[in-house]
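These notes are about the structure you will find just below.
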Number of protein chains: 2
Amino acid sequence: MKVLVFGGDGFCGWPTSLHLSDKGHEVVIVDNLSRRAIDSELDAQSLTPICGIDERLQCWNSMAATPLRFALLDLARDYDGLVALLSEEQPDAVVHFAEQRAAPYSMKSAAHRRYSVDNNLTGTHNLLCAVAELGLDTHVVHLGTMGVYGYGAGGAVIPEGYLKVQVRGADGALEEREILHPCDPGSIYHMTKCQDQMFFYYYNKNFGLRVTDLHQGIVWGTQTDQTGKDARLVNRFDYDGDYGTVLNRFVMQAAVGHPLTVHGTGEQTRAFIHIQDTVRCVELALTNPPAYGERVRIFNQATETHRLIDLAHQIRALTGADISFAANPRLEARANTLAIENTGLQRFGWDPITLSDGLLNEVHAIARHHKHRCDLSKIPCASTWWNASREEEPADIRVA
Amino acid sequence: MKVLVFGGDGFCGWPTSLHLSDKGHEVVIVDNLSRRAIDSELDAQSLTPICGIDERLQCWNSMAATPLRFALLDLARDYDGLVALLSEEQPDAVVHFAEQRAAPYSMKSAAHRRYSVDNNLTGTHNLLCAVAELGLDTHVVHLGTMGVYGYGAGGAVIPEGYLKVQVRGADGALEEREILHPCDPGSIYHMTKCQDQMFFYYYNKNFGLRVTDLHQGIVWGTQTDQTGKDARLVNRFDYDGDYGTVLNRFVMQAAVGHPLTVHGTGEQTRAFIHIQDTVRCVELALTNPPAYGERVRIFNQATETHRLIDLAHQIRALTGADISFAANPRLEARANTLAIENTGLQRFGWDPITLSDGLLNEVHAIARHHKHRCDLSKIPCASTWWNASREEEPADIRVA
């Protein structure tokens, strides 16, 4: 099939584009290269030396059966260009990674909050609006986040997007309804993903768009089968305080002999997925589109859940690194439990890769190999979640 | 108190500003005059001859104890101007009417969909972001819509914003939770109001902003105690297919001898409120702000519910007008029931005005008085809800 990958130059988008190309799909990467611009803004480069987009493409196309193409386009700013591109390409599907994806970055300042809201909401709406306007039969696959569910409620297993509830009807009797799972975002970034769900709901209901929303866990790892084929294809590895996600950051800290910095108690539980599974799951979502008239399909694209402190201990056991505790810059519960349903993608054949010492060692080897590129000053998280006008970390927050 | 009224030149904003000023509050209208620009775009003027903003203000200030002021500002486009204004004024509260408010207008074309999304979401976020950035203790009162709840579910009374549900917990036993009422928007306009709720939820949770969201029914009537004091203060009266709301449109059609056009079966049930109650309710919300730390307060600002066909019959009985049925341009259930909870504002002293022949006659007299200004060609609704690529009205739609 022909697939446009919006945000196809980023951490998840690039390996996904290569994987889809490798599987024989015709792929066009659509990207404004904003992630590279943010590298410059933060003065924090990927630990792995990533090539420019042209060199990446040349390298891949020297070995690919179908050439991977690239269109430079800002999804949120160039609606006319988007309409022209979709009209020309008439894709079977689009994958939408083109959102600002770092929670800490979205919380740095008012300007960063406004950029994240504008880029993510306008971009997502432009995409849906253009598909509807052109009357295309294009399946929209979107990368959501497990964070839409929130990390407050303890106990019950988090279903895939829809929650069965009992509500009192007109006659006072309880009746069952299935509703979109209530949202509880933890950052401006997460808030935009909650709002995206309403775009999907409405464009599906009113215009019949077929949409799959993949609520992804925290991605760890760097390389996939395809990005490992040539040094010029290497995927990015973020370790800075804004874009570095927790597990990769721990591994990186171990590689450079820095203590593993646990924010808060470490008793926060999160969902995780390896980057190799990200690309496999996206392809499974693409090759198994919803039926016409089907509501928005939502899957939890996450393999397993772990407490952050347990991950730190596992990496300490593997590497001998120290653990240090830092004040939590986020407003979140000090501890939470998290259990998730994730059978939807498994029904299409997904066999999840779980956290193992072998894979952790592979990431550790990459981090060690490139550790001379690490700027230690970029590791601490520079943004705090609460209002600058408050003097201290709030003693407690309300969690729904 | 000092109140900034965003959108204070519009149909609800103008009479609200006068009412607040009359009650002794210091009021600054903040508006980009976009509603007047849309009049020009649609070539459809208010039935009542509204004055320019300067003449309006001069007239009111010639009789007001505290002068009403005006700031020309585009909430969605001029964030720096907004920050400067809020910083200078340090208002006790803001009332946010500054959204594109017509569902049919939001459905006219891709450009109108994109404008409505951008204007409403960017504007709302800018306001919250600026209040948080400045660390202001400003109560934000927002005009939402009863349409966020949807018009699909039959039977149960719609609560004020939050719904009690029973959910299975980790141990399999049902436990009660109170959630934000699930959303089911019927248009792009309604969708933005659903997404606004997530802005409020997050800014309240993370930054402690005090927010009251008023889910208003369809407003009818034109004049309030203040707008009736001088012809130069007259409120707008929209009768065109995009901005004319159903009850006012029926009265207007009767005044010019046009049949009352019922879209679809007329068995759609909606909630209504008179404009005089709009302004009273907003003041009650302002003078009864939420406590610090309280979640977003949500009220249903609507008096009563009626089937559209019953309203048509009532106006026929009053005026002798004919009733004609037209194809429904909206994708909505052919019939629905609707019962609402609306005691929240009544607890603050609101005594609702219900639909009466007396008040209908007053509106009818205004419509008759200005009927020479009516352009009959502007009455039909020009936008359809479904995809232009479909050839016929869909036989049925899914309603949650």
Side-chain angles (χ1 to χ4, degrees), chain A residues 79 83 109-110 113-114 117-118 121-122 125-126 129-130 132-135 153-157 163-171 174 177 179-180 182-188 190-191 194-195 198-199 201-202 205-208 293 295 331 337 339 385-390 394 397-398 400, chain B residues 79 83 109-110 113-114 117-118 121-122 125-126 129-130 132-135 153-157 163-171 174-175 177 179-180 182-188 190-191 194-195 198-199 201-202 205-208 293 295 331 337 339 385-390 397-398 400:
Chain A
Y79 183 75
V83 167
S109 73
R113 285 193 273 280
R114 295 182 60 239
V117 166
D118 180 49
L121 298 186
T122 306
H125 185 247
N126 277 353
C129 189
E133 181 182 4
L134 293 168
V157 173
L163 180 69
K164 285 199 172 78
V165 299
Q166 311 272 333
V167 187
R168 290 216 179 274
D171 58 0
L174 284 175
R177 278 205 252 165
I179 62 170
L180 197 62
C183 286
D184 186 22
S187 73
I188 291 285
H190 292 99
M191 180 188 76
C194 298
Q195 292 166 307
M198 193 47 56
F199 284 135
Y201 174 78
Y202 184 69
K205 178 177 98 156
N206 199 75
F207 297 104
R295 70 178 180 186
L331 278 181
T337 58
W385 252 238
W386 51 89
N387 200 321
S389 67
R390 291 189 193 167
I397 59 155
R398 275 206 325 280
Chain B
Y79 183 75
V83 167
S109 73
R113 286 193 273 280
R114 296 182 59 238
V117 166
D118 179 49
L121 298 186
T122 307
H125 185 248
N126 278 352
C129 189
E133 180 182 4
L134 293 167
V157 173
L163 181 68
K164 286 199 171 79
V165 299
Q166 310 273 334
V167 187
R168 291 218 179 272
D171 57 359
L174 284 176
E175 49 191 53
R177 277 206 252 166
I179 61 170
L180 197 60
C183 287
D184 185 21
S187 74
I188 291 285
H190 292 98
M191 180 188 76
C194 298
Q195 292 166 306
M198 193 47 56
F199 284 135
Y201 174 78
Y202 184 69
K205 178 177 99 157
N206 198 75
F207 297 103
R295 69 179 179 185
L331 278 181
T337 57
W385 253 238
W386 51 91
N387 200 322
S389 67
R390 291 187 194 169
I397 59 156
R398 276 208 321 282

Donor-acceptor contact below 3.5 Å, side chain Gln195(B) vs main chain Gln195(A): yes
Min side-chain heavy-atom separation Tyr202(A)-Cys194(B) under 4.5 Å: no
Qualifying residues under side chain to side chain contact (heavy atoms under 4.5 Å, CB included), relative to Ala110(B), sequence neighbours excluded: Tyr79(A), Cys129(A), Glu133(A), Arg113(B)
Pick from Pro185(B), Ala130(B), Gly169(B) with the largest number of heavy-atom pairs that fall under 4.5 Å of chain A: Pro185(B)
Those residues that, when tested against Pro182(A), pass side chain to side chain contact (heavy atoms under 4.5 Å, CB included) (two or more places apart): Leu163(A), Ile179(A), Ile179(B)
Donor-acceptor contact present, side-chain Lys164(B) to main-chain Val167(A), <3.5 Å: no
Distance-minimising heavy-atom pair for Lys205(A) and Gly186(B): NZ-CA, 4.2 Å
Heavy-atom pairs under 4.5 Å with chain A, option from Leu180(B), Ile188(B), Leu121(B) with the top count: Ile188(B)
Under 4.5 Å from any heavy atom of chain B - which part of Val157(A): neither
Structural part of Ser109(A) lying under 4.5 Å from a heavy atom of chain B: neither
Close side-chain approach of Val165(A) and Gln166(B), heavy atoms under 4.5 Å: no
Closest-packed option against chain A by number of heavy-atom pairs under 4.5 Å, given Arg114(B), His190(B), Met198(B), Met191(B): Arg114(B)
Nearest non-hydrogen partners of Tyr201(B) and Cys183(A), listed with the distance: CE2-O, 4.3 Å
